[in-house]
Asks: 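Would you mind keeping the following structure in view while I ask a few things?
Within every chain, numbering begins at 1; the chains are lettered A, B, ... in the order of the sequence lines, protein sequences first and strands thereafter. Excluded from the calculations below are hydrogen atoms, water molecules and symmetry mates; all remaining heavy atoms, backbone and side chain alike, are included.
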Amino acid sequence: MIIEVLYFSWVRERVGRSKETIETDAPTIAQLVDELISRDPAYGVAFKDLSQIKVAVDQELGDFTTPLINVCEVAFFPPMTGG
Amino acid sequence: MAVCIQEKPFDVSKEISNFSTKVGSSGAIVTFTGIVRNDSGALDHMIIEHYPAMTEIALQKFTELAIDRFELEDALVIHRYGTLKPREIIMMIATAAPHRQDAFAGAQFLMDCLKSRAPFWKKEVSKGLGKWVEPRAKDEVQLGSWRDNFNSRTG
(Lines give C-alpha, C1' and ligand atoms only; values in the text may rest on other atoms or scores of the structure.)
Protein backbone atom coordinates (compact mmCIF):
# COMPACT_ATOMS: atom_id res chain seq x y z
CA MET A 1 0.00 0.00 0.00
CA ILE A 2 1.31 3.44 -0.92
CA ILE A 3 0.29 6.40 1.22
CA GLU A 4 1.12 10.07 1.40
CA VAL A 5 2.35 11.06 4.86
CA LEU A 6 2.19 14.72 5.87
CA TYR A 7 3.79 16.49 8.85
CA PHE A 8 2.87 19.87 10.30
CA SER A 9 4.24 22.34 12.83
CA TRP A 10 7.01 21.02 15.13
CA VAL A 11 6.42 17.45 13.94
CA ARG A 12 7.42 18.66 10.45
CA GLU A 13 10.48 20.43 11.87
CA ARG A 14 11.62 17.37 13.82
CA VAL A 15 11.05 14.91 10.97
CA GLY A 16 12.79 17.33 8.60
CA ARG A 17 10.23 17.22 5.79
CA SER A 18 6.63 18.26 5.16
CA LYS A 19 5.54 15.20 3.20
CA GLU A 20 6.67 11.91 1.75
CA THR A 21 5.30 8.90 -0.08
CA ILE A 22 5.64 5.67 1.86
CA GLU A 23 5.12 2.06 0.88
CA THR A 24 3.94 0.12 3.90
CA ASP A 25 1.99 -2.91 5.04
CA ALA A 26 1.36 -1.48 8.51
CA PRO A 27 -2.20 -2.35 9.57
CA THR A 28 -2.66 0.61 11.91
CA ILE A 29 -1.34 4.12 12.46
CA ALA A 30 0.58 2.94 15.55
CA GLN A 31 2.40 0.33 13.47
CA LEU A 32 3.13 2.89 10.76
CA VAL A 33 4.76 5.08 13.44
CA ASP A 34 6.85 2.11 14.66
CA GLU A 35 7.93 1.46 11.07
CA LEU A 36 8.95 5.11 10.58
CA ILE A 37 10.91 5.15 13.85
CA SER A 38 12.84 2.05 12.74
CA ARG A 39 13.82 3.82 9.49
CA ASP A 40 15.46 6.96 10.88
CA PRO A 41 16.25 8.40 14.34
CA ALA A 42 14.61 11.71 13.35
CA TYR A 43 11.21 10.00 13.58
CA GLY A 44 12.12 8.77 17.06
CA VAL A 45 12.63 12.39 18.12
CA ALA A 46 9.42 13.57 16.46
CA PHE A 47 7.28 10.72 17.84
CA LYS A 48 8.88 10.58 21.30
CA ASP A 49 5.68 11.56 23.13
CA LEU A 50 2.62 10.32 21.26
CA SER A 51 0.29 12.04 23.74
CA GLN A 52 1.42 15.30 22.11
CA ILE A 53 0.65 14.18 18.56
CA LYS A 54 -2.64 14.04 16.73
CA VAL A 55 -3.44 12.10 13.57
CA ALA A 56 -5.67 12.75 10.57
CA VAL A 57 -6.55 9.95 8.19
CA ASP A 58 -7.75 11.13 4.79
CA GLN A 59 -8.34 14.60 6.29
CA GLU A 60 -10.42 13.35 9.24
CA LEU A 61 -9.19 13.19 12.83
CA GLY A 62 -8.30 9.65 13.88
CA ASP A 63 -6.06 8.10 16.49
CA PHE A 64 -3.18 5.64 16.72
CA THR A 65 -5.52 2.64 16.60
CA THR A 66 -7.10 3.74 13.30
CA PRO A 67 -6.67 0.99 10.68
CA LEU A 68 -4.83 1.75 7.45
CA ILE A 69 -7.32 0.21 5.06
CA ASN A 70 -7.84 1.98 1.72
CA VAL A 71 -6.14 5.05 3.16
CA CYS A 72 -4.51 7.57 0.80
CA GLU A 73 -3.23 10.25 3.19
CA VAL A 74 -2.08 10.32 6.82
CA ALA A 75 -1.07 13.51 8.64
CA PHE A 76 0.73 13.93 11.97
CA PHE A 77 0.69 17.17 13.93
CA PRO A 78 0.58 18.65 17.46
CA PRO A 79 -2.71 19.70 19.09
CA MET A 80 -4.25 22.48 17.02
CA THR A 81 -4.15 26.14 18.03
CA GLY A 82 -6.63 27.86 15.76
CA GLY A 83 -8.73 30.93 16.37
CA MET B 1 -22.98 29.92 5.31
CA ALA B 2 -19.49 30.92 4.26
CA VAL B 3 -16.02 29.71 5.19
CA CYS B 4 -12.93 31.53 3.91
CA ILE B 5 -9.32 30.52 4.53
CA GLN B 6 -7.02 33.17 3.15
CA GLU B 7 -3.59 34.71 3.45
CA LYS B 8 -4.59 38.29 2.72
CA PRO B 9 -5.99 40.70 5.31
CA PHE B 10 -9.71 41.49 5.37
CA ASP B 11 -11.91 44.35 6.51
CA VAL B 12 -13.98 43.25 9.52
CA SER B 13 -16.45 46.16 9.24
CA LYS B 14 -17.12 45.35 5.60
CA GLU B 15 -17.57 41.65 6.35
CA ILE B 16 -20.04 42.36 9.18
CA SER B 17 -21.93 44.77 6.95
CA ASN B 18 -22.14 42.19 4.12
CA PHE B 19 -23.20 39.46 6.55
CA SER B 20 -25.91 41.69 8.08
CA THR B 21 -27.25 42.55 4.65
CA LYS B 22 -27.60 38.89 3.67
CA VAL B 23 -29.36 37.91 6.91
CA GLY B 24 -33.06 38.30 6.39
CA SER B 25 -35.03 37.58 9.53
CA SER B 26 -32.59 37.31 12.45
CA GLY B 27 -32.84 39.77 15.32
CA ALA B 28 -29.35 39.05 16.64
CA ILE B 29 -25.87 39.02 15.11
CA VAL B 30 -22.83 38.15 17.24
CA THR B 31 -19.30 38.64 15.93
CA PHE B 32 -15.88 37.72 17.30
CA THR B 33 -12.54 38.96 16.01
CA GLY B 34 -9.20 37.35 16.92
CA ILE B 35 -6.11 39.58 16.91
CA VAL B 36 -2.36 38.79 17.18
CA ARG B 37 -1.45 39.52 20.81
CA ASN B 38 1.90 40.91 21.91
CA ASP B 39 1.83 40.42 25.68
CA SER B 40 5.60 40.59 26.11
CA GLY B 41 6.01 43.48 23.69
CA ALA B 42 8.82 41.51 22.02
CA LEU B 43 6.83 39.69 19.33
CA ASP B 44 8.12 40.38 15.85
CA HIS B 45 5.59 38.32 13.91
CA MET B 46 3.41 35.22 14.02
CA ILE B 47 3.43 32.45 11.44
CA ILE B 48 0.17 30.54 11.03
CA GLU B 49 0.49 27.18 9.34
CA HIS B 50 -2.48 25.02 8.30
CA TYR B 51 -3.39 21.78 6.59
CA PRO B 52 -5.05 23.05 3.42
CA ALA B 53 -6.81 19.83 2.39
CA MET B 54 -8.37 19.45 5.84
CA THR B 55 -8.97 23.03 6.98
CA GLU B 56 -11.91 23.86 4.76
CA ILE B 57 -13.60 20.50 5.39
CA ALA B 58 -13.21 20.96 9.18
CA LEU B 59 -14.41 24.57 9.24
CA GLN B 60 -17.44 23.74 7.11
CA LYS B 61 -18.30 20.85 9.40
CA PHE B 62 -18.06 23.00 12.58
CA THR B 63 -20.11 25.78 10.98
CA GLU B 64 -22.82 23.32 9.90
CA LEU B 65 -22.85 21.86 13.42
CA ALA B 66 -23.24 25.32 14.96
CA ILE B 67 -26.05 26.24 12.57
CA ASP B 68 -27.83 22.98 13.27
CA ARG B 69 -27.42 22.93 17.07
CA PHE B 70 -28.28 26.57 17.73
CA GLU B 71 -30.78 27.05 14.91
CA LEU B 72 -28.72 29.83 13.43
CA GLU B 73 -30.00 31.55 10.33
CA ASP B 74 -26.45 31.94 9.03
CA ALA B 75 -22.79 31.84 10.06
CA LEU B 76 -19.51 33.13 8.68
CA VAL B 77 -15.91 32.11 9.38
CA ILE B 78 -12.81 33.86 7.98
CA HIS B 79 -9.38 32.60 9.10
CA ARG B 80 -6.00 33.77 7.85
CA TYR B 81 -2.72 31.90 7.50
CA GLY B 82 0.82 33.02 6.69
CA THR B 83 2.87 35.76 8.39
CA LEU B 84 1.04 38.27 10.57
CA LYS B 85 2.35 41.23 12.56
CA PRO B 86 1.23 42.12 16.11
CA ARG B 87 -2.30 43.60 16.21
CA GLU B 88 -3.19 42.19 12.79
CA ILE B 89 -6.54 40.43 12.57
CA ILE B 90 -6.19 36.64 12.48
CA MET B 91 -9.80 35.60 12.09
CA MET B 92 -13.44 36.44 12.62
CA ILE B 93 -16.73 34.66 12.98
CA ALA B 94 -20.30 35.92 12.78
CA THR B 95 -23.50 34.16 13.77
CA ALA B 96 -27.08 35.22 13.14
CA ALA B 97 -30.12 33.90 15.03
CA PRO B 98 -33.63 35.07 15.85
CA HIS B 99 -32.58 35.80 19.47
CA ARG B 100 -29.30 36.73 21.14
CA GLN B 101 -28.91 33.60 23.31
CA ASP B 102 -28.52 31.30 20.31
CA ALA B 103 -26.32 33.78 18.44
CA PHE B 104 -23.98 34.03 21.47
CA ALA B 105 -23.98 30.28 22.15
CA GLY B 106 -23.44 29.45 18.46
CA ALA B 107 -20.47 31.85 18.31
CA GLN B 108 -18.95 30.43 21.51
CA PHE B 109 -19.38 26.84 20.28
CA LEU B 110 -17.86 27.68 16.90
CA MET B 111 -14.87 29.39 18.55
CA ASP B 112 -14.31 26.43 20.89
CA CYS B 113 -14.27 24.08 17.87
CA LEU B 114 -11.89 26.39 15.97
CA LYS B 115 -9.49 26.69 18.91
CA SER B 116 -9.00 22.98 19.47
CA ARG B 117 -10.07 21.14 16.30
CA ALA B 118 -9.30 23.32 13.28
CA PRO B 119 -5.90 22.33 11.80
CA PHE B 120 -4.01 25.58 12.40
CA TRP B 121 -0.72 25.98 14.27
CA LYS B 122 0.76 29.28 15.40
CA LYS B 123 4.43 30.08 15.78
CA GLU B 124 5.49 33.26 17.57
CA VAL B 125 8.79 34.73 16.39
CA SER B 126 10.61 37.11 18.75
CA LYS B 127 14.21 38.30 18.33
CA GLY B 128 14.78 35.73 15.59
CA LEU B 129 13.61 32.80 17.73
CA GLY B 130 10.45 30.87 16.94
CA LYS B 131 8.20 29.21 19.49
CA TRP B 132 5.14 27.13 18.69
CA VAL B 133 2.07 28.21 20.63
CA GLU B 134 0.89 25.44 22.93
CA PRO B 135 -2.79 24.66 23.39
CA ARG B 136 -4.32 25.72 26.70
CA ALA B 137 -5.86 22.92 28.75
CA LYS B 138 -8.93 25.03 29.45
CA ASP B 139 -9.71 25.25 25.72
CA GLU B 140 -10.08 21.48 25.59
CA VAL B 141 -12.22 21.53 28.77
CA GLN B 142 -14.38 24.25 27.24
CA LEU B 143 -14.90 22.19 24.08
CA GLY B 144 -15.75 19.12 26.18
CA SER B 145 -18.39 21.08 28.08
CA TRP B 146 -20.51 21.31 24.91
CA ARG B 147 -20.53 17.54 24.65
CA ASP B 148 -21.65 17.33 28.30
CA ASN B 149 -24.33 19.94 27.69
CA PHE B 150 -25.64 18.13 24.68
CA ASN B 151 -25.53 14.75 26.32
CA SER B 152 -27.53 16.05 29.27
CA ARG B 153 -29.92 17.86 26.98
CA THR B 154 -30.55 14.83 24.82
CA GLY B 155 -30.50 12.38 27.72
Asks: Does the side-chain hydrogen bond (donor to acceptor under 3.5 Å, both in side chains) test come out yes or no for Gln31(A) and Thr28(A), once each step is laid out?
Replies: CA-CA 5 Å; Gln31(A) 279 149 306; Thr28(A) 65; 2.7 Å; yes
Asks: With only heavy atoms counted, which part of Ala53(B) is less than 4.5 Å from chain A, the side chain, the backbone, both or neither?
Replies: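 Answer is both: backbone and side chain atoms of Ala53(B) are under 4.5 Å from chain A.
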Asks: Between Phe62(B) and Phe109(B), is the ring centroid distance below 6.0 Å?
Replies: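 No - the distance between ring centres of Phe62(B) and Phe109(B) does not fall below the 6.0 Å cut-off.
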Asks: Verify the distance criterion only: is there a donor paired with an acceptor across the side chains of Tyr7(A) and Glu20(A) at less than 3.5 Å?
Replies: yes
Asks: Side chain, backbone, both or neither: which part of Glu134(B) has a non-hydrogen atom closer than 4.5 Å to chain A?
Replies: backbone
Asks: Tell me which of these, Ile93(B), Leu114(B), Leu110(B), Ile57(B), has more heavy-atom pairs under 4.5 Å with chain A than the rest.
Replies: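 With the most close heavy-atom pairs to chain A, the winner is Leu114(B).
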Asks: Any luck finding a side-chain donor-acceptor pair between Trp10(A) and Gln52(A) under 3.5 Å?
Replies: no
Asks: For Lys115(B), is it the side chain, the backbone, both, or neither that has a heavy atom closer than 4.5 Å to a heavy atom of chain A?
Replies: both
